[in-house]
Amino acid sequence: MAEIVAIKPAVAEGPVVARLDKGVLRLTLANPPANALSLSVMAALTAELDRAKVDKSVRVIVLAAAGKVFCAGHDLKEMTARRADADKGKAFFETTFSACAALMQVIVRHPKPVIAEVDGLATAAGLQLVASCDLAIASHEATFCTPGVNIGLFCSTPMVALSRNVSRKHAMEMLLTGETIDAATAKEFGLVNRVVPREYLNQIVTKYAQTIASKSSLVVKTGKEAFYAQAEMGLADAYAHTGRVMVENMLARDAEEGIGAFIGKRKPEWTEE
């Protein structure tokens, strides 16, 4: 990594700041101080992700955050205020958790890879956000927890994403104790891919993103969709499904071009077809 220069990213204003550079769309949570997932923040983030689905100039998405906290989860003050409603907040709570579940599924089902760039605390639904991304790279200072059990609200929805990333024992350890784990432990658990010095975090994530962006977007989309689809199937069905996917992939122009380039020892020229 000697070619990487330590420069901290600029912090911009707004609930979700979008910046596109060389095929990499950086979406930065900028809702200080906790970058909480209020309804408005989730709506803004979902809208940006939806726009990126059809934007051919976007090849990879990086999800980052401004400030010392990556994301502290749901906006508990916003939710608590709705206890004064006639239904004691039930309708609002249903809307909030439904919006969050939809957001997480947008990330998983998104045709473009999504990388979490984590610096600071990722807790509850904030951890859920990290776990929902395809890749996660954290700074040494990043921390993670599902503390709902400490405040009488078990992290049941974050559990869905968490339990699909780490072992059951590790997931239950986090969920039952509510204790915070450091970045090294998160990597050991399988929650993040790499742990790097804070001053290099942005550059290393960008390097990953640009590497992926250089691939055929058609092939990456095909592979991501197949990965999550087969993960929900039994063994025989998974092989049958991925076999069909590979046949279709082999018939694509980019597969013909990529294999031809490999045999001919040249750089492929992707057509995205």
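In what follows, every heavy atom counts, from backbone to side chain, and hydrogens, waters and symmetry copies are set aside.
- Cluster membership for V245 and Y228, using ILVMFWY side-chain heavy atoms within less than 4.5 angstrom, is not shared.
- Two residues are said to be in side-chain contact when any heavy atoms from C-beta on lie closer than 4.5 Å; K53 and V106 meet this criterion.
- S139 and D119 are linked by a side-chain donor-acceptor pair at a separation below 3.5 angstrom, with hydrogens and angles left out of the test.
- Taking the six-membered ring where the residue is Trp, H74 and F97 present perpendicular rings, their angle passing 60° and hence far from 30°.
- Note on residues 97-110: pairs passing side-chain hydrogen bond (donor to acceptor under 3.5 Å, both in side chains), not counting sequence neighbours, are R109-E232.
- You'll find the side chain of T206 stays beyond 4.5 Å of the side chain of V24, heavy atoms only.
- Between atom CE of residue M172 and atom OG of residue S167 there is a gap of 11.5 Å, rounded to the nearest 0.5 Å.
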For this session: Could you give me the CA-CA distance, side-chain angles and deciding distance for T96 and M42, then say whether side-chain contact (heavy atoms from CB on, under 4.5 Å) is met?
Result: CA-CA 9 Å; T96 297; M42 289 191 289; 4.1 Å; yes
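- The main-chain N or O of D55 is found under 3.5 Å from a side-chain atom of K112 such that the two form a donor-acceptor pair.
- Within 6.0 Å of CE on M246 lie no more than 12 heavy atoms contributed by other residues, nucleotides or ligands.
- A donor-acceptor pair under 3.5 Å links the side-chain atoms of S214 to the main chain of T211, judged by distance alone.
- Ion pairing between a basic and an acidic side chain is recognised when a charged N comes within 4.0 Å of a carboxylate O; E256 and R253 show no such pairing.
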Exercise. Could you go step by step and tell me if E78 and R82 meet the salt bridge (charged side-chain N to carboxylate O under 4.0 Å, His left out) rule?
Worked result: CA-CA 7 Å; E78 178 181 68; R82 301 305 291 265; over 6 Å; no
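- Taken to the nearest 0.5 Å, the CG atom of L153 stands 9.0 Å off from the CZ atom of F93.
- Within the 3.5 Å criterion, the main-chain N or O of G258 finds no donor-acceptor partner in the side chain of W270.
- Ion pairing of E272 with K56 is absent here, as no side-chain N (NZ or NE/NH1/NH2) approaches a carboxylate O to less than 4.0 Å.
- For the pair F92/L39, a side-chain contact is recorded, criterion being any heavy-atom separation below 4.5 Å from C-beta on.
- A heavy-atom distance below 4.5 Å is found between the side chains of L29 and V16.
- For the pair V195/D182, no side-chain contact is recorded, criterion being any heavy-atom separation below 4.5 Å from C-beta on.
- In terms of modelled atom types and a separation under 3.5 Å, the side chain of N193 and the main chain of I137 share no donor-acceptor contact.
- Here the side chains of C145 and L121 are in contact, with some heavy-atom distance below 4.5 Å.
- Not counting sequence neighbours, the partners of D134 by the salt bridge (charged side-chain N to carboxylate O under 4.0 Å, His left out) test are K224.
- Taking OG of S132 as the start and CG of N165 as the end, the distance is 7.5 Å to the nearest 0.5 Å.
- For R168, the CZ atom sits in a loose shell: 12 or fewer heavy atoms of surrounding residues, nucleotides or ligands are nearer than 6.0 Å.
- Proximity of L37 to C71: side-chain heavy atoms (C-beta onward) are separated by under 4.5 Å at one or more points.
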For this session: Assess whether side-chain contact (heavy atoms from CB on, under 4.5 Å) is satisfied between T271 and D254, documenting all intermediate values.
Result: CA-CA 6 Å; T271 64; D254 275 357; 3.0 Å; yes
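- At least one donor-acceptor pair closer than 3.5 Å links the side chain of N35 to the backbone N or O of V69.
- Here the CG-SG distance, from L127 to C155, works out to 8.0 Å after rounding to the nearest 0.5 Å.
- No side-chain donor-acceptor contact under 3.5 Å links T28 to the backbone of A30.
- No donor-acceptor distance shorter than 3.5 angstrom exists from the side chain of R59 to the backbone of K22, with no hydrogens or angles considered.
- Ion pair E248/R244 not flagged as a salt bridge, since none of the NZ, NE, NH1 or NH2 atoms sits closer than 4.0 Å to an Asp/Glu carboxylate oxygen.
- Contact annotation: the side chain of F154 approaches that of L176 to within less than 4.5 Å [non-hydrogen atoms, C-beta and beyond].
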